[in-house]
Amino acid sequence: MSPVIRRTVPAIVLAGAMMLAATGCLAGERAGAAAPAEDAAAGWSSDTLSIDFATYNPLSLVVKDQRLLEEALGEQVTVEWVQSAGSNKANELLRSGSLDVGSTAGSAALLARANGSPIQVIDVYSQPEWSAIVVPAGSPITSVADLRGATIAATAGTDPYFFLLQALEAEGLSVGDVGVQNLQHADGRSALEAGSVDAWAGLDPIMAAAEVESGATLLYRDVDFNSFGFLNATEEFITEHPDLAQVVVDAYEQARTWAIAHPEETAELLAEVAGIDLAVATTVIRERTNLDVDGVPGAAQRDVLERIAPVLVDSDAVSGGQAAVDAALQSIVHPDFARAATE
C-alpha cells in the first residue's frame with residue numbers, strides 16, 4: 001500500500017465529518033434524508049478530479065508521471081489532467097470551474113483572490129527563483145535604468161510581471177516608463193529572440209532554455225522578488241470534497257520527498273515534458289528551485305505576499321484596491337490539508 005493511501009484513510013473519515021458539519025447533517029437533523037451521493041465502496045465525494053500540471057511546478061510532473069492520484073483514488077474517480085501554460089491560465093481555469101486544483105505563483109493567487117476568485121492555497125510546492133528580466137544576446141541594455149522607453153514582454157497576472165514591477169520600482173522607474181506587451185511566457189521568449197521587444201520578464205524553464213539556446217542574458221535577478229509556488233483549490237472544492245483535497249496534498253508531499261531524493265530524475269522528467277535540454281532542466285531544478293520547503297502555507301508566504309501587495313495596488317490590477325488586497329491576504333491560506341499530510 002502506497003504512502004498516499006495510508007495517509008488518506010484517516011483523512012477520509014475526518015473529511016466525512018467535516019462535510020456533515022458543513023451541511024448541518026447532525027444527529028436528529030434531516031433525519032431520513034438521503035446520504036451524500038458517493039460510491040458506497042470507495043466513499044469518495046466525487047467521481048472526477050480536475051487538476052493541472054505545469055512545467056513551472058515540478059511536483060505536478062512527478063504526481064502525474066507516477067500516477068499517485070490514480071493509485072490512491074482507484075477506478076472510482078477519474079483524474080482529469082489539464083496543462084497550465086502560466087499562473088494566469090491556471091487562475092482562469094480555476095475561476096471558470098474547469099479546474100478543481102491549480103498551480104500558480106503566490107502573487108498571481110493573491111491577485112486572483114483579491115479580484116473575487118474564490119481560491120485558497122492548500123499546499124506550497126516550491127520556493128523558486130523562476131523570474132528575472134531577460135535581454136537578448138548582444139543587447140546594449142546593461143541595467144534596469146536602461147529600460148526607460150524600452151518595450152518589455154510580460155505575462156500579466158503572473159510572478160514575472162510582478163517581478164518586473166518590483167524591479168522597476170527598486171531602480172526608480174515605474175511601469176509608465178516602459179512599454180509592456182502582454183504575451184504568454186513562451187511567446188515572450190519568441191518576441192525577444194525575434195527583436196520585437198527589447199526585454200522580457202522571463203519564467204523558468206523557458207528562461208533557462210533561452211540562456212543556453214540563444215545566449216539570452218539575465219539582466220536583473222532578485223530572489224526576494226519571487227513568490228512561492230502555490231497549489232490552489234476553489235472554496236467549493238475544499239468544502240464539498242475535502243477527501244479529494246487531502247488526497248491531492250498527500251500526493252504532493254509524497255512527490256516532494258521523492259523529488260528531493262531524486263533531483264536527476266526530476267530534471268529528466270522536466271526536460272521531457274518541457275521539451276528542453278537536460279542541462280537546462282538540471283539548472284532549473286538544482287539552482288533555481290527549492291523544493292525542500294514546508295508545504296504548510298502560513299506566515300512565511302504571507303510575509304512575501306505583504307511585500308508584493310503594494311505593487312498590486314499601485315498597478316491598479318485590483319478593482320477593490322487596498323481593502324480587497326487586505327481581505328485576500330487574511331483569507332487566502334487554508335493550511336489544514338498540508339498540516340495533516342506533513343504530520
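In this structure, the side chains of Y125 and V293 stay at 4.5 Å or more apart for every pair of heavy atoms. The shortest distance between side-chain heavy atoms of V178 and T151 does not fall below 4.5 Å. In this structure, the side chains of D52 and V101 stay at 4.5 Å or more apart for every pair of heavy atoms. Side-chain contact between V62 and Q66 is present, with at least one heavy-atom pair separated by less than 4.5 Å. Between W44 and L73, the closest side-chain pair of non-hydrogen atoms falls below 4.5 Å. The shortest distance between side-chain heavy atoms of L68 and V247 does not fall below 4.5 Å. Side-chain atoms of L168 and S174, non-hydrogen and from C-beta on, never get closer than 4.5 Å to each other. Using a 4.5 Å cut-off on side-chain heavy atoms (C-beta onward), D336 and I238 make no contact.
Between the D243 side chain and the S45 main chain, a donor and an acceptor come within less than 3.5 Å of each other. Using modelled atom types, no side-chain atom of S87 and backbone atom of T104 make a donor-acceptor pair closer than 3.5 Å. One N or O on the side chain of N115 and one on the backbone of S319 form a donor-acceptor pair closer than 3.5 Å. Judged by distance alone, the side chain of D146 and the main-chain N or O of T142 form a donor-acceptor pair under 3.5 Å. The backbone N or O of A267 sits nowhere less than 3.5 Å from a side-chain atom of T282 that would complete a donor-acceptor pair. Judged purely by atom type and a 3.5 angstrom limit, E272 has no side-chain atom pairing as donor or acceptor with the backbone of E268. At distances below 3.5 Å, not a single donor-acceptor pair connects side-chain atoms of E235 with backbone N or O atoms of I119. S139 places no side-chain N or O within 3.5 Å of a backbone atom of V135 that could act as its donor or acceptor partner. Using modelled atom types, no side-chain atom of Q166 and backbone atom of I308 make a donor-acceptor pair closer than 3.5 Å. Side chain of S60 to main chain of N57: a donor-acceptor pair is present (N/O by atom type, distance under 3.5 Å, no hydrogens or angles).
Few gaps surround CD on E265; more than 12 heavy atoms of other groups in view lie less than 6.0 Å from it. Within 6.0 Å of CD on E70 lie more than 12 heavy atoms contributed by other residues, nucleotides or ligands. No more than 12 heavy atoms of other residues, nucleotides or ligands shown are found within 6.0 angstrom of CZ on R67.
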Q: Check the pair V248 / L49 against side-chain contact (heavy atoms from CB on, under 4.5 Å), numbers first and verdict last.
A: CA-CA 9 Å; V248 170; L49 168 64; 3.8 Å; yes
(Q) Determine whether S46 and L244 satisfy the following criterion, side-chain contact (heavy atoms from CB on, under 4.5 Å), listing intermediate values before the conclusion. (A) CA-CA 8 Å; S46 175; L244 299 185; 3.8 Å; yes
Q. Should W81 and V79 be marked as a side-chain contact (heavy atoms from CB on, under 4.5 Å) after you check the CA-CA gap, both sets of side-chain angles, and the distance that decides it?
A. CA-CA 6 Å; W81 288 99; V79 180; 3.4 Å; yes
Q: Report the C-alpha distance between R95 and E92 in whole Å, list the side-chain angles of each, state the deciding distance to 0.1 Å, and finish with yes or no for salt bridge (charged side-chain N to carboxylate O under 4.0 Å, His left out).
A: CA-CA 5 Å; R95 186 155 194 161; E92 289 172 10; over 6 Å; no
Q. Hey, mind stepping through R256 and D123 against salt bridge (charged side-chain N to carboxylate O under 4.0 Å, His left out) and telling me if it holds?
A. CA-CA 11 Å; R256 188 194 312 278; D123 196 55; 3.5 Å; yes
Q | Trace of the side-chain contact (heavy atoms from CB on, under 4.5 Å) decision for I122 with N232 | A | CA-CA 6 Å; I122 59 175; N232 309 307; over 6 Å; no
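There is a side-chain donor-acceptor pair under 3.5 Å between T155 and H185. When only modelled atom types and interatomic distance are considered, T158 and N88 share no side-chain donor-acceptor pair under 3.5 Å. D159 and S107 form a side-chain donor-acceptor contact under 3.5 Å, judged by distance and modelled atom types alone. A donor atom on one side chain and an acceptor atom on the other are not found under 3.5 Å apart for D326 and Q330. Side-chain N/O atoms of D250 and Q246 include a donor and acceptor closer than 3.5 Å.
Clustering ILVMFWY residues whenever any of their side-chain heavy atoms sit less than 4.5 angstrom apart, transitively, puts W258 in the very cluster that holds L231. Note on V313 and L164: same hydrophobic cluster, where clusters join Ile, Leu, Val, Met, Phe, Trp and Tyr whose side-chain heavy atoms are under 4.5 Å apart, directly or indirectly. The hydrophobic clustering, which links ILVMFWY residues whose side-chain heavy atoms are closer than 4.5 Å, places I152 and I206 apart. No continuous path of ILVMFWY side-chain contacts below 4.5 Å connects V333 to V249, so the two sit in separate hydrophobic clusters.
For residues 192-208, the pairs satisfying side-chain hydrogen bond (donor to acceptor under 3.5 Å, both in side chains) are R189-E193, E193-S214, D204-R288, with sequence neighbours left out.
T257 pairs by the side-chain contact (heavy atoms from CB on, under 4.5 Å) definition with nothing, not counting sequence neighbours.
When all heavy atoms of A137 and G215 are compared, the pair lying nearest together is CB-O, 3.4 Å. Residues V82 and S50 approach most closely at CG2-OG, 4.3 Å, considering heavy atoms.
To the nearest 0.5 Å, atoms CZ (F225) and OH (Y220) are separated by 4.5 Å. Here Q181 contributes atom CD and L192 contributes atom CG; the two are 11.0 Å apart, rounded to the nearest 0.5 Å. Rounded to the nearest 0.5 Å, atoms CD (E213) and CD1 (I276) are 8.0 Å apart. To the nearest 0.5 Å, atoms CD1 (I51) and OG (S103) are separated by 8.0 Å. From Y252, atom OH reaches atom CG of L69 across 8.5 Å, with rounding to the nearest 0.5 Å. Atoms CG and CG, from L270 and D65 in turn, are 12.0 Å apart once rounded to the nearest 0.5 Å.
Using a cutoff of 4.0 Å between basic side-chain nitrogens and carboxylate oxygens, R148 and E171 are not scored as salt-bridged.
Side-chain heavy-atom separations under 4.5 angstrom define the hydrophobic clusters, and V296 shares its cluster with no other residue.
By the 30° and 60° cut-offs, the orientation of the rings of F237 relative to H241 is tilted.
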